[in-house]
Chemist: 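My structure is below; once you've seen it, I'll send some questions.
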Amino acid sequence: MDWSQKDETYLMSTYKRLPVAIDKAEGNYLYDTNGKSYLDLFTGLAVSVVGHSHPKILAALREQGEKFLHISNIFLNKPAIQLAEKLIEQSIPGKVFFGNSGAEATEAAIKLIHKWSKQQGKESLGITVLSNSFHGRTLGAVKLTRQAHVYQDFPTPGYDVFEVAPGDITQLKKVIEQEKPSALIMEPVLGSGGVIPLSVEYLEAAYQLCQEHQVLFVMDEIQTGMGRTGKMFAYQHAQVQPDLIMFAKGAGGGLPLGGIIAGEQLMNLFQPGDHGTTFAPSPLSAALGNAVMEILLQDGLLEQGKLQAEYLWQQISGLLEQFPASLTDIRGKGMMIGIQTKLSPEEVSQIQRDMLEAGILIDVTQKTIIRLLPPLTLKTDEIDQFIKQLHTAIHLVEERKGVIS
Ligand SMILES: *Cc1c(COP(=O)(O)O)cnc(C)c1O
């Protein structure tokens with residue numbers, strides 16, 4: 001049996017998998033079991049922010065790995081304390097709770113918002129979210145995820161969720177005034193919902209509304225955080241100060257790590273017994289998280305990634321001009337990019353397969369949007385190579401359709 005067959009036999013099919021078994025990853029490249037290389041413009045869904053096998057990540061892995069892998073939450077956890085301090089320095093005054101994933105960050109946020117609501121004497125816990133949002137797949141989080149194919153008919157907790165359209169401040173105002181929710185949770189750039197950035201004006205107006213009505217302003221930075229959009233956290237493009245921030249994905253340098261940063265009015269609400277988990281914060285994940293922060297800040301990768309992203313945007317904009325019949329829009333922020341196509345889902349899949357064949361890994365979301373989540377370490381010649389191959393792949397699709405003869 002080959003790896004594809006074994007995968008089908010032994011693993012539940014919760015994801016559509018490419019028929020590629022990865023053997024090694026280094027820098028911006030993945031290598032399969034046949035030794036073929038792939039430029040990784042997906043980074044395991046926004047996880048490998050600093051690329052693969054970064055020397056500082058490997059050093060942290062070795063150093064902490066040789067000391068201990070796990071202790072428990074009854075001991076002081078040095079790497080976790082150091083990372084929490086760095087996260088606070090880079091965001092809002094407050095305290096951190098660590099979990100193992102994005103969904104766990106969302107669950108912690110829901111429980112903390114609930115405790116705050118009760119403390120404030122609010123009748124019910126209501127949370128306002130955006131249409132097409134994604135906040136995770138556990139039962140609490142899936143209720144906040146406003147994508148029907150994700151929430152389906154799974155049973156969810158009984159708290160109220162109010163859905164508003166991204167960018168529509170009038171609707172948000174109405175819901176906040178009428179429903180008096182406890183919190184507003186938003187992704188500054190909606191990820192799996194189609195790479196939809198919220199404008200600075202909208203974020204600031206939403207923040208004002210929350211301030212006026214004592215609604216917690218919560219940022220889901222699980223995908224947008226850790227420098228992906230050119231700032232440590234994407235909300236920092238606007239003049240807002242969240243009450244609560246969720247993070248995960250890139251935070252553990254490739255290892256599972258997530259959590260929340262709770263601002264001053266929330267940071268002391270959790271008491272022993274209110275919340276917890278055995279594995280988090282993993283000292284190993286936290287050690288890698290510290291290395292990520294060092295690479296982003298001291299080594300200047302945050303700034304470098306921002307500049308490379310600008311070049312990438314320029315080059316993609318050039319493609320949009322060349323292929324108006326196929327490509328209609330580029331959106332997102334920094335190294336979080338959606339290229340909206342006018343192509344059929346089959347044609348977009350074909351482009352993804354052609355790119356893979358040519359040794360470049362891209363992602364597709366919402367069936368017709370080409371999604372890129374490149375590492376911040378992406379180099380100019382790699383961008384040029386990607387643009388050249390995407391040009392070829394789109395040209396081929398247009399040729400088949402007779403747009404170009
Ligand atoms: C990925 C993601 C989550 C869920 O994170 P998991 O680690 O997959 O549970 C939540 N919110 C956003 C914005 C995400 O991108």
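Counting starts at 1 for both ligands and their atoms, following the listed order. These values consider heavy atoms only, across backbone and side chains, with no hydrogens, waters or symmetry-generated copies.
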Chemist: Within ligand 1, which atoms have a heavy atom of Gln223 less than 4.0 Å away?
Modeler: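 Answer, ordered by atom number: 15 (O).
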
Chemist: Is the shortest N/O to N/O distance between Thr106 and ligand 1 below 3.5 Å?
Modeler: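 For ligand 1, there is no N or O atom that lies under 3.5 Å from one belonging to Thr106.
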
Chemist: Using atom types as modelled and distance alone, determine if a side-chain donor or acceptor of Ser285 lies under 3.5 Å from a backbone N or O of Pro281.
Modeler: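 It does not hold such a pair.
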
Chemist: Tell me which part of Ala248 gets within contact of ligand 1: side chain, backbone, both or neither, using heavy atoms under 4.0 Å.
Modeler: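 Ala248 to ligand 1: no contact under 4.0 Å from either part.
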
Chemist: At less than 4.0 angstrom from any non-hydrogen atom of His135, what atoms of ligand 1 do you find?
Modeler: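 With His135 as reference, the close atoms of ligand 1 come out as 10 (C), 11 (N).
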
Chemist: When you measure from atom 5 (O) of ligand 1 to the protein, is at least one non-hydrogen atom found at a distance under 4.0 Å?
Modeler: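 Neighbour list for atom 5 (O) of ligand 1 includes protein heavy atoms (cut-off 4.0 Å).
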
Chemist: Report, in ascending order of atom number, the atoms of ligand 1 lying under 4.0 Å from any heavy atom of Ser101.
Modeler: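 In order of number, 7 (O).
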
Chemist: Are Glu177 and Lys173 ion-paired here, with the side-chain N under 4.0 Å from a carboxylate O?
Modeler: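 Looking at Glu177 and Lys173, the cut-off is met.
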
Chemist: Do the charged groups of Lys24 and Asp32 touch, with an N to O distance under 4.0 Å?
Modeler: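 Salt bridge between Lys24 and Asp32, a charged N being under 4.0 Å from a carboxylate O: no.
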
Chemist: May I ask you to identify, for Lys249, whether its side chain, its backbone, both or neither come under 4.0 Å of ligand 1 on a heavy-atom basis?
Modeler: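 Lys249 to ligand 1: side-chain contact only, backbone stays beyond 4.0 Å.
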
Chemist: So which protein heavy atom does atom 7 (O) of ligand 1 come closest to, and at what separation?
Modeler: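 Going atom by atom, the protein heavy atom closest to atom 7 (O) of ligand 1 ends up being Gly102 N, 2.8 Å.
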
Chemist: Under 4.0 Å between a Lys/Arg side-chain N and an Asp/Glu carboxylate O for Lys401 and Glu347?
Modeler: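 Glu347 and Lys401: salt-bridged.
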
Chemist: Which residue owns the protein heavy atom closest to atom 9 (O) of ligand 1, what's the atom, and how far is it?
Modeler: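 Residue, atom and distance for the closest contact: Ala103 N, 2.7 Å.
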
Chemist: Rounded at 0.5 Å granularity, tell me how far CG in Leu390 sits from CD in Gln322.
Modeler: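 Rounded to the nearest 0.5 Å, the CG-CD separation comes out at 10.0 Å.
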
Chemist: Find the distance between CD (Glu187) and CG (Leu190) and round it off to the nearest 0.5 Å.
Modeler: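 Reported value, rounded in 0.5 Å steps: 4.5 Å.
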
Chemist: I need the contact type for Glu187 against ligand 1. Using non-hydrogen atoms and a strict under-4.0 Å cut-off, is it side chain, backbone, both or neither?
Modeler: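 The answer is the side chain.
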
Chemist: Nearest 0.5 angstrom please: Thr229 OG1 to Met335 CE, how far?
Modeler: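 Here the interatomic distance stands at 11.5 Å.
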
Chemist: Can you figure out which of Asp220, Thr224, Asn100 has its heavy atom closest to atom 11 (N) of ligand 1?
Modeler: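 The option holding the nearest heavy atom is Asp220.
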
Chemist: How far apart are the closest heavy atoms of Lys122 and Trp116, and which atoms are they?
Modeler: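 For Lys122 versus Trp116, the nearest heavy atoms are CE-CZ3, 3.8 Å.
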
Chemist: Check ligand 1 against Gly136 and write out every atom of the ligand that is under 4.0 Å from a heavy-atom position of the residue.
Modeler: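 Every atom of ligand 1 under 4.0 Å from some heavy atom of Gly136: 4 (C), 10 (C).
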
